[in-house]
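What follows is a single structure, written as C-alpha cells, with notes after it.
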Number of protein chains: 2
Amino acid sequence: MKIKSQKLSKNEKVVLEVVKKSNGPIKAYTILSDVKKNGLKAPPQVYRALDKLIKKGKIHRIESKNAYLDCQNSKCKTSSRTAFSICQKCEKVTEIINTKLSKFLSNFKDDAGKEYQKYNLEFYGICKKCKS
Amino acid sequence: MKIKSQKLSKNEKVVLEVVKKSNGPIKAYTILSDVKKNGLKAPPQVYRALDKLIKKGKIHRIESKNAYLDCQNSKCKTSSRTAFSICQKCEKVTEIINTKLSKFLSNFKDDAGKEYQKYNLEFYGICKKCKS
DNA sequence: TATAACTTGTTATAATATAACACTTTTATG
DNA sequence: CATAAAAGTGTTATATTATAACAAGTTATA
Ligand SMILES: [Zn+2]
Ligand SMILES: [Zn+2]
Ligand SMILES: [Zn+2]
Ligand SMILES: [Zn+2]
C-alpha cells in the first residue's frame with residue numbers, strides 16, 4: 001500500500017492555516033474571503049486546496065453542512081473513516097475518536113458479507129453547553 | 001411522543017412518485033425537470049416537497065451526493081437514523097437495514113457518555129456488480 | 001363562519017462547486 | 001545537467017444546488 005505524500009503546497013498551507021484557526025467548521029467561501037490577503041482570489045484555488053487537504057487527511061468535510069474542519073485525530077492518516085458529533089443548536093462539531101466505534105464500523109459486514117474501507121458517520125444532538 | 005402525520009400533500013405525492021420511480025438517488029433539478037409535466041415550475045416547490053418527505057420518512061437525502069432516495073426500509077418511520085452503502089464506481093446507493101448496526105449506533109455513547117437520537121452513516125465501496 | 005395552520009405559486013437571488021485553458025514550478029529520469 | 005513528465009497555480013466563466021420573500025389559495029377546526 002503506497003503511502004501518500006503528506007507534503008503540502010503553498011496554497012494548501014495557506015488554506016489549512018485558515019481552517020485550523022477557525023473555531024469550528026468553516027465554509028469554502030469564508031475561507032476564500034480570508035485568504036484574499038494571501039493573494040488567493042478565486043474559488044478554484046480554495047476548492048483545489050481543500051480537496052487535496054482532505055485526501056491528505058489534514059481536514060474533513062462535514063457533508064451535512066458543506067463545511068470543512070481540521071482533523072482533530074492524530075491517528076487520522078487518511079480521511080477514509082470519519083465520525084462526527086454535530087450540535088443541532090450551536091452547530092458545534094467535534095470529531096469522534098473512539099476505538100470501539102471505529103473497530104465496529106471497520107469490521108461491519110453488510111448482509112451480503114461485504115466490508116467497507118471507507119465511511120462517514122454524522123451524529124446529531126444537543127451539546128452539553130446548549131443543554132445547560 | 002407525538003406521531004407526525006404521514007399524510008402527503010399534492011406536490012409531495014408528485015415528487016415522491018418521481019423519486020420512487022427513479023432507479024437510484026435523484027437530484028433536485030432532475031426531479032424538477034421531470035415534474036414540469038405536472039405543473040410544478042420552480043425549485044422551491046420541489047425543495048419544499050423534498051423537505052417534508054424527508055421529515056415524514058418517505059425519502060432520504062444522500063448527503064455526499066446532494067441526492068434523494070426513496071426509503072427502502074419499512075421500519076423507517078422517521079429519517080432520524082439512516083445508513084447507506086454507496087458504490088464509488090456506479091454510484092449505486094442502497095439503504096442498509098441491519099439491526100446489529102442500528103442497535104450499536106443507537107446505543108453508542110461518546111466519551112462524555114452522551115447518546116444520540118439521530119445519525120447518518122454513509123459507507124463507500126465497490127458494489128458486487130462493479131467488482132465482477 | 002371565522003380563523004389559524006398549512007400549502008401553493010412565483011420571482012429573484014444566494015450559496016456552493018466545477019470546467020476549461022494558459023502558464024509556472026517541481027520532480028523524476030536518462 | 002537536460003529535458004520531459006507531473007504537479008501546482010492563476011484566471012475567467014459558468015454550472016449546480018438551495019433559499020428568501022411575498023402573495024394567494026386551501027384545509028382543518030372550533
Ligand atoms: Zn480526523
Ligand atoms: Zn451546542
Ligand atoms: Zn429509510
Ligand atoms: Zn457499482
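Residues from residues 15-28 of chain B that place a heavy atom under 4.0 Å from any atom of DNA chain D, listed by number: Lys27(B).
The side-chain tip of Lys100(B) does not point at the ring of Phe104(B) from less than 6.0 angstrom away and within 45° of straight on. Under a cutoff of 6.0 Å and an axis angle of 45°, Lys114(B) and Tyr116(B) form a cation-pi pair.
Ionic pairing of Glu63(A) and Arg61(A) is present here: one or more N-O contacts between side-chain nitrogen and carboxylate oxygen are shorter than 4.0 angstrom. The pair Lys7(A)-Glu12(A) does not count as a salt bridge, with every side-chain nitrogen at least 4.0 angstrom from each carboxylate oxygen.
Across the interface with DNA chain C, nearest-nucleotide mapping of Lys52(B) and Gly39(B) shows Lys52(B) to be the residue nearer the 5′ end.
With Asp34(B) contributing its side chain and Thr30(B) its backbone, the two residues share no donor-acceptor pair below 3.5 Å. In this structure a side-chain-to-backbone donor-acceptor pair under 3.5 Å is present from Ser102(A) to Thr99(A).
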* Could you walk me through whether Phe108(A) and Phe123(B) pass the ring-ring contact (aromatic ring centres under 6.0 Å, His included) check? -> CA-CA 10 Å; Phe108(A) 175 75; Phe123(B) 279 112; 5.3 Å; yes
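Of the candidate nucleotides dT19(D), dT26(C), dT18(C), dT19(D) has the atom nearest to the side chain of Pro44(B). Listed nucleotides dA17(C), dG8(D), dT26(C) differ in distance to Pro43(A); the shortest reach to its side chain belongs to dA17(C). Comparing dT11(C), dA18(D), dG10(D) by their closest approach to the side chain of Lys10(A) singles out dG10(D). Minimum atom distance to the side chain of Arg48(A) is reached by dG10(D), of the listed dG10(D), dT17(D), dT8(C).
Under the stacking definition used here (centres under 5.5 Å, planes under 30°), the residue Tyr29(A) qualifies as stacked on the base of dT16(C).
Atom P of nucleotide dT27(D) and atom CD of Glu12(B) are separated by 14 Å, given to the nearest angstrom. Gln45(B) places its CD atom 11 Å from the C1' atom of dT7(C), with the value rounded to the nearest Å. One atom, CG of Leu8(B), and another, P of dC6(C), lie 16 Å apart when rounded to the nearest Å. Here the P atom of nucleotide dG9(C) and the OH atom of Tyr47(B) are 18 Å apart, to the nearest Å. Remark: P of dT17(D) and CG of Leu50(B) are 12 Å apart, rounded to the nearest angstrom. What separates NZ of Lys41(A) from C1' of dC23(C) is a distance of 15 Å, to the nearest Å. Atoms NZ (Lys36(B)) and P (dG9(C)) sit 14 Å apart, rounded to a whole Å. Separating the NZ atom of Lys13(B) from the C1' atom of dT7(C) is a distance of 13 Å, rounded to the nearest angstrom.
Considering only side-chain N and O atoms, Ser9(A) lies under 4.0 angstrom from the phosphate OP1 or OP2 of dT9(D). One finds no side-chain N or O of Asn66(B) lying less than 4.0 angstrom from the OP1 or OP2 phosphate oxygen of dA17(C). Remark: Arg61(A) is in phosphate contact with dA17(C), judged by side-chain N or O atoms under 4.0 Å from OP1 or OP2.
Between the side chains of Tyr68(A) and Ser22(A), no donor N or O sits under 3.5 Å from an acceptor N or O.
Residue-level contact check: Lys65(A) touches neither bases nor backbone, having no heavy atom under 4.0 Å from any strand.
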